Amino acid sequence: MTSVPATSPETGRADFPALDTLRLVGATAIVVTHTAFWAGTYTSAGTVGSLLARLDVGVAIFFVLSGFLLSREWFVRAAQGRPDPAIGRYYWRRVLRIMPVYLVTAVLALSLITENRDRDAGDWLTTLALLDIYVNPVLPAGLTQMWSLATEVSFYLVLPFLMAVLIGRRLRPGRVVFGLIALATLSIAWHLGLVDLVRGDGSQAPREWLPSYLIWFGLGIGLALVQVMHSRDQLPGRWTRRLEAAASSPGALWLAAAGLLLVASTPLAGPTLLVEPTGAQALTKNLLYAGVGALLVFSGVFTPRESPWARCMGHPLGRHLGHTSYALFCIHLPVMHLIRWATGFELFNGGFLQLFVTTMAVSLIAAELLYFGVEKPFMRLRNLGRSVDPAASRATSAMAAPSDNNTSRLGQLQAPAHPDDEPQGRRK
């Protein structure tokens, strides 16, 4: 028998505990790949080095997560016959979730890292507004991972309009699937030729723009659709059986993801160093990473909560560190610059394990300070000016109430959530 996602007794919001810990997995992967690059391990450790280079797959995990968590509210509301989320409140929450920690990190990096001291006021404004990937070929030192945050923000901006197109007046799965196929086609075309049409004078980084990653976000949206349909018994019986069979073997899902990552470590997915890949290589890597992200997020959404794997992934410590993983992502590169300054660490000259352990230890402490000192205080403002909708409250109570009919359903529909996803990323 399967079980439903946990539900907050105060808000009735659906909760997928394993996804919190999965954020930690993605953030840790990003720290590993950055420290391995600085230590020169990509080229000095053979196959292991190539695998470490591909741990930038953490970006794919977070983009799929964002697609799932953010689009799910639109699907839940459409299934309940309720209006779309208020766009103003949605944007307000996204700003509070992203900008405070980012701005603190950016100011620290621009002020304290030596390589950034020649940047003028215009450069500061561009960086603080997350516009570097659109006008500069290289991001400031200590902030090169923020390319993915800029791409994530562009997804936030278009999501309400994208969901309006995908759902229309009522939820029709066929329409959503057709729209997601169109997004994937655009992304493939971008990799195979469109990207070259917008390169201009080389002052931009169009491979890091949103069109490159529409497949990753789209897979998250597709998972959200499947989860809502499954919770309402709207999937064909054979698909339900297949979904539940796959979800009952999370180890196999992670093993399949590891296999895709191993393929991605070969030359099929392009060079591991900062060398421009061909369009075919970039697309191959993108599709392999998409598979990894989708498999891992699928396991976090659909695996029965009573399974040992789900209990492990739902451990309070893992979930807490997942909550702080956005701050970890933001601050770990400035911390690496601090470690290099304090210890005289030499780039590309070994010392990967020491650098990784030191970076994680210092960054976790800094992430805690940012989470409790910056992130949480600003997130308390997320409901500023919000009025209570009695009808929504009644719907929340009804959907949260347990019954004999819903406790056996995997991924049961709950009242819409306002998720705090963790955008992450990396550029060496």
Side-chain angles (χ1 to χ4, degrees), residues 1-30 58 60-62 64-70 72-73 76 97 220 223-224 226-228 230-231 243-258 292-329 360 364 367-368 371-372 375-376 379 396 399-402 406-424:
M1 183 175 72
T2 57
S3 62
V4 303
T7 307
S8 164
E10 297 180 356
T11 66
R13 298 186 329 193
D15 181 24
F16 301 89
L19 298 187
D20 291 329
T21 303
L22 189 56
R23 292 166 173 162
L24 173 63
V25 172
T28 302
I30 292 164
I61 295 172
F62 287 108
V64 176
L65 272 171
S66 290
F68 172 80
L69 291 169
L70 294 178
R72 183 178 178 275
E73 180 174 7
V76 171
R97 182 68 184 87
L223 285 174
V226 171
Q227 192 273 327
V228 171
H230 182 272
S231 70
L243 183 151
E244 294 182 351
S248 67
S249 302
L253 296 172
W254 280 67
L255 185 62
V292 173
L295 286 168
L296 298 189
V297 174
F298 177 93
S299 72
V301 172
F302 291 106
T303 297
R305 291 176 57 83
E306 67 271 15
S307 69
W309 178 89
R311 290 198 297 270
C312 178
M313 291 292 285
H315 190 279
L317 177 60
R319 296 192 69 185
H320 170 73
L321 292 176
H323 294 158
T324 66
S325 63
Y326 173 54
L328 172 64
F329 154 73
M360 279 296 290
L364 285 172
E368 290 287 326
Y371 179 68
F372 286 106
E375 191 170 338
K376 288 195 72 173
M379 286 304 295
T396 294
M399 297 307 296
N406 71 15
T407 54
S408 64
R409 300 305 301 155
L410 185 158
Q412 184 70 29
L413 179 65
Q414 304 292 345
H418 293 282
D420 294 329
D421 61 301
E422 306 287 350
Q424 313 283 340

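None of the values given here were measured: they were computed from a predicted structure.
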| Taking atom types as modelled and ignoring hydrogens, do the side chains of E244 and H230 form a donor-acceptor contact shorter than 3.5 angstrom? | yes

| message | If you compare all heavy atoms of A27 against all heavy atoms of S325, which two are closest, and at what distance to 0.1 Å? | response | CB-CB, 3.8 Å

| Closest contact, heavy atoms only, G26 versus I61 | CA-CD1, 4.3 Å

| Roughly how far, to the nearest 0.5 Å, is CZ of F302 from CZ of F16? | 7.5 Å

| When rounded to the nearest 0.5 angstrom, what distance separates CG in L328 from OH in Y371? | 13.5 Å

| query | Can you tell me if T21 uses its side chain to pair, donor with acceptor, with the backbone of A18 under 3.5 Å? | reply | no

| said: So, taking the atom named OG1 in T303 and the one named CG in L253, what distance separates them when rounded to the nearest 0.5 Å? | reply: 6.0 Å

| field | Rounded distance [0.5 Å steps], CG in L317 versus CG in D20 | value | 12.0 Å

| Validation row: L223, V301 side chains within 4.5 angstrom (heavy atoms) | no

| note | Residue set satisfying side-chain hydrogen bond (donor to acceptor under 3.5 Å, both in side chains) with H320, at least two apart, ordered chain then number -> E368

| remark: Tightest non-hydrogen contact, residues S299 and W254, listed as OG-NE1, 3.1 Å

| request: Could you tell me the separation between the CG atom of L24 and the CG atom of L364, rounded to the nearest 0.5 Å? | output: 8.0 Å

| note | CD of E375 to CZ of R97, rounded to nearest 0.5 Å, is 4.0 Å

| field | Aromatic ring proximity F329/F62, centre distance under 6.0 Å | value | no

| task | Identify the two heavy atoms, one from V297 and one from L19, that lie closest to each other, and give their separation to 0.1 Å. | result | O-CD2, 4.1 Å

| request: Return the minimal non-hydrogen interatomic distance between P17 and G314, and the atom names on each side. | output: CB-CA, 4.0 Å

| task | Go through the steps for L243 and V226 under the test side-chain contact (heavy atoms from CB on, under 4.5 Å), then give the verdict. | result | CA-CA 9 Å; L243 183 151; V226 171; 3.4 Å; yes

